[in-house]
Amino acid sequence: MFVFDGGVLGDGQVASLRILDQEIHAFRFCSSEEAATMLRPYVWNRLDQAIAAIRDGRSRYLHTTTEPNPDR
């Protein structure tokens, strides 16, 4: 799985977002704290590592979905 930073979206860009995949019925934006309570632990770990990579500018390679980052 690859996780990409899509940058910051403006109001017009957010308003133009459309769901094209029939498996998805809705989306919302939330804080990382909210995401941690809503996501399965292995998905949260991926997102948490992606956020850490944005902060420190370093890529992450997770061998497993539960591997902790030794630098955090």
Side-chain angles (χ1 to χ4, degrees):
M1 170 185 274
F2 292 95
V3 179
F4 297 95
D5 177 7
V8 177
L9 302 178
D11 291 339
Q13 292 170 304
V14 172
S16 70
L17 293 175
R18 300 291 177 258
I19 296 172
L20 302 176
D21 189 321
Q22 300 216 352
E23 292 182 9
I24 301 171
H25 62 88
F27 70 89
R28 66 179 256 207
F29 296 98
C30 62
S31 68
S32 56
E33 291 81 12
E34 290 175 298
T37 67
M38 294 185 296
L39 297 172
R40 293 178 180 164
Y42 75 94
V43 178
W44 166 245
N45 184 57
R46 291 176 185 165
L47 178 58
D48 188 42
Q49 291 299 311
I51 293 168
I54 291 169
R55 284 192 196 121
D56 65 24
R58 293 177 38 210
S59 299
R60 300 294 192 279
Y61 182 87
L62 304 177
H63 294 276
T64 67
T65 59
T66 59
E67 177 183 310
N69 179 352
D71 297 329
R72 293 191 72 215

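Keep in mind that this is a model prediction, so the values were computed, not measured.
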Donor-acceptor pairs are to be reported for all side-chain atoms of residues 20-29 against protein atoms at under 3.5 Å, with residues two or more places apart or in another chain.
| residue | atom | partner | partner atom | Å |
| --- | --- | --- | --- | --- |
| Asp21 | OD1 | Glu23 | N | 2.8 |
| Arg28 | NH2 | Glu34 | OE2 | 3.3 |

Under 3.5 Å donor-acceptor pairs involving side-chain atoms of residues 5-17, not counting sequence neighbours:
| residue | atom | partner | partner atom | Å |
| --- | --- | --- | --- | --- |
| Asp5 | OD1 | Gly7 | N | 2.8 |
| Gln13 | OE1 | Gly10 | N | 2.7 |
| Ser16 | OG | Gly12 | O | 3.4 |
| Ser16 | OG | Gln13 | O | 2.9 |

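Closest heavy-atom contact between Asp56 and Arg60: OD2-NH2, 2.8 Å.
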